[in-house]
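Contents: one structure, followed by commentary.
Convention: sequence-line order gives letters A, B, ...; per-chain numbering from 1.
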2 protein chains.
Amino acid sequence: MSGAAESHAPVPESAAAGGGGAWEREVVDFYIHLAQAFSLPKSVGAIFGILFASPRALALDDIVERLSISKGSASSGLKLLQRVGAVQPTYEPGDRRTRYVPEMSIRRLLTGLLQETVTPHLRRGAAQLESLAPLLNEFPPDERKILAARLRALNTWQGKAKRLLPFVLGFLGRPLRRAKIDPGGGDESGA
Amino acid sequence: MSGAAESHAPVPESAAAGGGGAWEREVVDFYIHLAQAFSLPKSVGAIFGILFASPRALALDDIVERLSISKGSASSGLKLLQRVGAVQPTYEPGDRRTRYVPEMSIRRLLTGLLQETVTPHLRRGAAQLESLAPLLNEFPPDERKILAARLRALNTWQGKAKRLLPFVLGFLGRPLRRAKIDPGGGDESGA
DNA sequence: AAGATGGTTCAGAATTTTCTGAACATTCCG
DNA sequence: CGGAATGTTCAGAAAATTCTGAACCATCTT
């Protein structure tokens, strides 16, 4: 593999020098914005983007170079992406460096991300909810009634949230045919 | 006085002085954590929490006082919550202050939040995607093949994401019966 | 109209998050 | 073993976000 599109040199990379630059820039830009939608660091989006934009797996050094970020950033960014399953390391015989490829299954992508971000909070919340009910006893009946209703709502949320995740994953797993489910309000979607 | 559980005085509030404090604290704490799960400012979670914890609608001053935050914070926090539809203003005749009540429908809550956070990014992304395809022409055939496949995947994601939102809302709208969807595996699937 | 009341805005302070760069491990190679 | 190649860690720098407090606007009361 020495062949391949190395970019150790400080000059333009690979076959697609002129146009390739634009492609990389645009893809990276796209993922930087996407990352921010999830409030992840820009560098994380950029790293995923550069992997996505490259037809071959890249190693840490390649990333550092192409994005002009520090080794530290690249290292921890890759670690995060690995943890949520957004990139996978590939080990090729005869190459000491770990190279990474982007995960292409949106399902696995989302699974990992949610597992990492919301699930723990969900769990924590569930625990805390239990300790809440007894505190209502201090309130006079009329107020207690209102608050008890809210507490019930909170439990409902919790329940729905718990079920929502598998549901969503089920949806993402299916082939993209027309989904024949017609959600209630059918919001404007298009908009 | 207009009765109600005012708390203009610097002393314990309302009927539930001793216990009420604990209730408020716990609820606020709960929502602060929830807010962080969505990476919203703590103050925003706290504001929603204090509204949720109170059997009566609260005005800006009440919030400032009970949470010991600045008027500025409270004002902009409330504005954000209003924008995403998480709280609603109530105007009572003979009272100049706007009071706020928390939204209790998880569906409306999520709708607003998503509308505010992900939808715009989704839109932006869709636009950008179009401009991406032509850039592939610069690549040699073998690389182009790989990248074209990725671009297709990206379009699929986009499509799924678009459909996902209404789908989720449909789910949230339904009563909490047993959902008979059985998503693939347990969930951690494969790692 | 003067003064109180309710609320918004915004410049700078405080805090939190992210990034850098260099020191430190570890493994491979000769 | 000595040195080079890969990577990780972490203290402090840099950047971004959030909060405060005071000035300001608008409306109501007298």
### Query
Looking at the rings of B:Phe52 and B:Phe30, which for Trp means the six-membered one, are their centres under 6.0 Å apart?
no
### Separation of atom CG in A:Leu58 from atom P in D:dT6, rounded to whole Å
14 Å
### Query
For A:Arg97 and D:dA4, what is the distance between atoms CZ and P respectively, to the nearest whole Å?
18 Å
### Close approaches to DNA chain D from residues 30-49 of chain B, in residue order (heavy atom, under 4.0 Å)
B:Pro41, B:Ser43
### Query
Rounded to whole angstrom units, what separation is found between the CG atom of B:Leu81 and the P atom of C:dT8?
13 Å
### Message
Can you see if the side chain of B:Ser75 gets near the phosphate of C:dG7 - specifically, an N or O under 4.0 Å from OP1 or OP2?
### Response
no
### Query
Should A:Lys71 and A:Asp62 count as an ion pair when the cut-off is N to O under 4.0 Å?
no
### Parallel, tilted or perpendicular: rings of A:Trp157 and B:Phe48 (30°, 60°)
tilted
### Query
Given atom CD of B:Glu92 and atom C1' of C:dG6, what is their separation to the nearest angstrom?
15 Å
### Query
Is it true that a side-chain atom of B:Arg150 and a backbone atom of A:Ser54 form a donor plus acceptor pair closer than 3.5 Å?
yes
### Task
Find the distance A:Asp61:CG to C:dG21:P and express it as a whole number of Å.
15 Å
### Nearest-Å distance for atom pair CD/C1', residues B:Glu65 and C:dT5
15 Å
### Query
Is it true that a side-chain atom of A:Ser73 and a backbone atom of A:Ser70 form a donor plus acceptor pair closer than 3.5 Å?
no
### Phosphate OP1/OP2 of D:dG7: any A:Thr98 side-chain N/O under 4.0 Å
yes
### Task
Establish, with yes or no, whether the OP1 or OP2 oxygen of C:dC19 is under 4.0 angstrom from a side-chain nitrogen or oxygen of A:Ser70.
no
### Message
In this structure, how many angstroms lie between the P atom of D:dA5 and the CG atom of A:Asp62, rounded?
### Response
15 Å
### Task
Please confirm whether the backbone N or O of A:Leu114 pairs with a side-chain atom of A:Thr119, one donor and one acceptor, at under 3.5 Å?
yes
### Message
Quiz question: going by heavy-atom distance under 3.5 Å, is there a donor-acceptor pair between the base of D:dG7 and the side chain of A:Lys71?
### Response
yes
### Salt-bridge contact A:Asp95-A:Arg99 (side-chain N to carboxylate O under 4.0 Å)
yes
Could you run down the sub-3.5 Å N/O contacts of the protein with nucleotides 27-30 of chain D?
| from | atom 1 | to | atom 2 | distance (Å) |
| --- | --- | --- | --- | --- |
| D:dT27 | O2 | B:Arg96 | NH1 | 3.4 |

### Query
Between C:dT8, D:dT9, D:dT6, which nucleotide has the shortest distance from any of its atoms to the side chain of A:Lys79?
D:dT9
#### Entry: Spacing between A:Leu80 atom CG and D:dT8 atom C1', to the nearest angstrom
15 Å
### Task
Hey, could you give me each pair passing side-chain hydrogen bond (donor to acceptor under 3.5 Å, both in side chains) that has a residue in residues 37-52 of chain A? Not counting sequence neighbours.
A:Ser39-B:Ser39
### Query
Quick one: does B:Trp23's side chain have a donor or acceptor within less than 3.5 Å of a partner on A:Leu136's backbone?
no
